[in-house]
Structure formats: structure tokens, C-alpha cells
Amino acid sequence: MAIRSLKSGTFSRSTMVGNPIIMPGSYESIASATGTGSSNTITFSSIPSTYTHLQIRFIGRSSTAASSTITMSLNSDSGSNYANHMLYGEGSAMYAAQNTSQTFMRFYGMSYSSLTSGIMSAHVIDILDYANTNKYKTTRILGGFDANGSGEQGLFSGLWMSNTAVTSINLITGNGNWTADSQFALYGIA
Amino acid sequence: MALQLFKIQSIEVASQASSVAFSNIPQGYTDLKLVGSVRSAVGNIGDFIYYYLNTPGTGAYTQRLIRGDGSSISSQANSVSYYPLQFVNGSGSTANTFGSFELYIPNYTGNAQKSFSVDILSENNSSGAYMDLQVGLWNQTAAITGMTLASGSGLYVANSTFTLYGVL
């Protein structure tokens, strides 16, 4: 990977003496995943604790013909240890919602199979300080889809009431399965 | 060239602190990205942050936002001498819970007034958690060389973190 000197602006592949001062980037790919069409779950596991923050970026579509939620759990915790809040709209109306003491986090904006082929939702999920054992884990999610006549998009938050470092993440469709063109990427941020 | 993110500085509050500041921000990036995981010592569910660019008191800020609180939606337009970064968790919210935000400033070294976007939320295993989508404007044309974030209530609690990134 080429790295760029912020002093001179030149790119270099070497940290040998004599080169301009260089800095590694802070955004690193950890893992990626693809839907199969036959599973409702995407899992990132064995997440190292060596980064500061995590980010998931995905495009997704459910095999179900109607709107569906996306649920997320951390470290496979299925206890009533989650809460979430939502601010979202669908082009003609806006909504706010909340769920407390849940067995998972949930958010909206999932594309689904009765929409035009190829229309995917796009979401970015941030989990700051995911390995900090002195705080509960707050997720911040931005995303949705536009289907050229319909759509759903919003800002969603999730809370996992645990001080444990995040080592695995499950993303689950509320109905149906992730289609085979759904793609997910997990990044670690220094 | 693919988007590249470089950590400039990270600040973690070890014990209670009234403010944090980033200074001497390098000018070699294209954009700036600031993220925060923050809890305030105020006894309310939420608290806000006084956000300043460069020297506090320089210039003026305007803000537009849409907000949800779990049951209702609102919008605001504000014009003040600081940028109200709101809301992060206060100590009246569920214990150990920290708010989360991202503030993105494109073209921070340019010679136009500085526009930026914010998504910010507090979380709470109860009603009253706030979440905003915001846009802000600082009416100065100087390059951004520093920023200050002062707690609205007076104190950030330990384990609050702020991380500044340069984006190429």
C-alpha cells in the first residue's frame, strides 16, 4: 500500500531513512462478507481488540417481498441488554421510535425483493471505543434506500449494556435472507 | 486515489475535565473528521458541548438540525457565538452509557466560510435519548488550525474520548 508524506505530498512504499516522513493510515480492513440467499445472518467474529473504533459498511437487500427490519447483536448476547432509538423518514412522513430492554438492536432502511432488481440499501455503522471495558457500547447507524418512488432512511442508535469488548457482530434480517448481492465490510480504525 | 484516514490526535479524559482542545492541526489533509464518545457529569439525561473552531469567540455559527427523542420529531435553526454540539449523554442517563457523534469538515484549509455536518446521539435504556442530524456554518474564511470542545455542564466524565482524523 502506498503511503503519503504529509510534509512533501509524495507517495512512497518505503520507510527507509532518507525518505520523507510518512504515516500509516488509520482505516484498515478487518473482514468482509457476502450474503448467500439462504441465510438471514451475517457474522463477523474474532474481532481483534487492537483498534479504537469499528465501522461496518454494507449494501443489503432482503429476500422478503416487504419492508423488513435489520437486527444486530454483539458477542451473541441474547439477553435483554439492548436498547435503540430511531429518527427516520420515507419521503412523506418522519418518525421517531424507541425500544428498551430488548434482546437485540434494530434499525430500518432495508431494501427488499419486490423492489426493482439491483436496488440495495446502504448503511454505515459506527461503534466507537468498542474495546473499552469501562463503558457500554453505543452504535450509530446512518443509512437506508431509495427506490425511485419509495424509500426509507434515517439515523439509528443502538445500546449494548455491557462493558465487555466487542468480539463478534451479528447482522440479521427481520424477514427473509440476505440476498447474494448483499456485501458487508468491517473496518478497524486506529 | 482511495479515501484515506489518518489519526491526528486522540484525547481520553482520565478524570473529569471541563474541556478538550486540538491545536496546531496539520494543514496537509483535505478534510477533517472528529468523532467522540462522550458522557457529561450533569445530572440530566443529555448535555451539550460548546464547540469552537480556532480561537473561541472568533466568528459566529449557525446551525440547522432535525431531532428525534424516541417519540417526537423537531427541527431547529440557531445562530450563536459557539456551535451547540447536542446532545451527548448526561449522568442522568443509564449508567456507563456514552453518547456518540461524528463531525465532518470538508475543505478545512480553504478560503471560504466553513460548512460541516454532524450526526450525534445519546443512548439510554429509557425514553429521552436524543438524536440529531445537523449542519453548521462558521462564518470565518481562515483555515482551521484548532478546535475546542467545552462541556455544557462544566465537566466530562472519565473515559470520554475525542479523536481527530485527517482525510485525504
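Convention: sequence-line order gives letters A, B, ...; per-chain numbering from 1. Computed from heavy atoms alone, side chains included, the values below leave out hydrogens, waters and symmetry copies.
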Nearest-0.5 Å distance, [atom1] of residue [X] to [atom2] of residue [Y]:
{"X": "B:I8", "Y": "A:S26", "atom1": "CD1", "atom2": "OG", "result": "9.0 Å"}
{"X": "B:S126", "Y": "A:L159", "atom1": "OG", "atom2": "CG", "result": "11.5 Å"}
{"X": "B:E123", "Y": "A:M105", "atom1": "CD", "atom2": "CE", "result": "9.0 Å"}

Segment of [X] engaging chain B (4.5 angstrom heavy-atom cut-off):
{"X": "A:Y88", "answer": "neither"}
{"X": "A:L142", "answer": "side chain"}
{"X": "A:M86", "answer": "backbone"}

- Between A:T52, A:N134, A:N99, the one whose heavy-atom pairs under 4.5 Å with chain B are most numerous: A:N134
- Message: At a heavy-atom distance under 4.5 Å, which candidate from A:K135, A:Q102, A:M161, A:R140 has the highest pair count against chain B?
- Response: A:R140
- Task: Report the C-alpha distance between A:L128 and B:T161 in whole Å, list the side-chain angles of each, state the deciding distance to 0.1 Å, and finish with yes or no for side chain to side chain contact (heavy atoms under 4.5 Å, CB included).
- Result: CA-CA 9 Å; A:L128 303 185; B:T161 62; 5.7 Å; no
- Query: Where do B:E12 and A:N132 land on the side chain to side chain contact (heavy atoms under 4.5 Å, CB included) test, with the steps shown first?
  - Reply: CA-CA 11 Å; B:E12 178 169 352; A:N132 190 314; 4.0 Å; yes
- Query: When heavy-atom pairs shorter than 4.5 Å are enumerated against chain A, which of B:S37, B:A95, B:G68 gives the highest number?
  - Reply: B:S37
- Query: If every non-hydrogen atom of B:M131 is compared with every non-hydrogen atom of A:L155, which pair is closest and at what distance?
  - Reply: CE-O, 3.2 Å
- Query: Between A:H85 and B:L121, does a side chain to side chain contact (heavy atoms under 4.5 Å, CB included) hold up when you go through it step by step?
  - Reply: CA-CA 9 Å; A:H85 293 77; B:L121 51 89; over 6 Å; no
- Side-chain donor/acceptor of B:N96 to backbone N/O of A:Y136, under 3.5 Å: no
- Under the 3.5 angstrom rule, does the side chain of A:T138 hit a backbone N or O of B:G99 as a donor-acceptor pair? no
- Query: What part of B:I120 is in contact with chain A, defined as an atom under 4.5 angstrom from a non-hydrogen atom: side chain, backbone, both or neither?
  - Reply: backbone
- Task: Begin from the C-alpha positions of B:I73 and A:L87 and carry the test side chain to side chain contact (heavy atoms under 4.5 Å, CB included) through to its verdict.
- Result: CA-CA 8 Å; B:I73 303 155; A:L87 171 65; 4.1 Å; yes
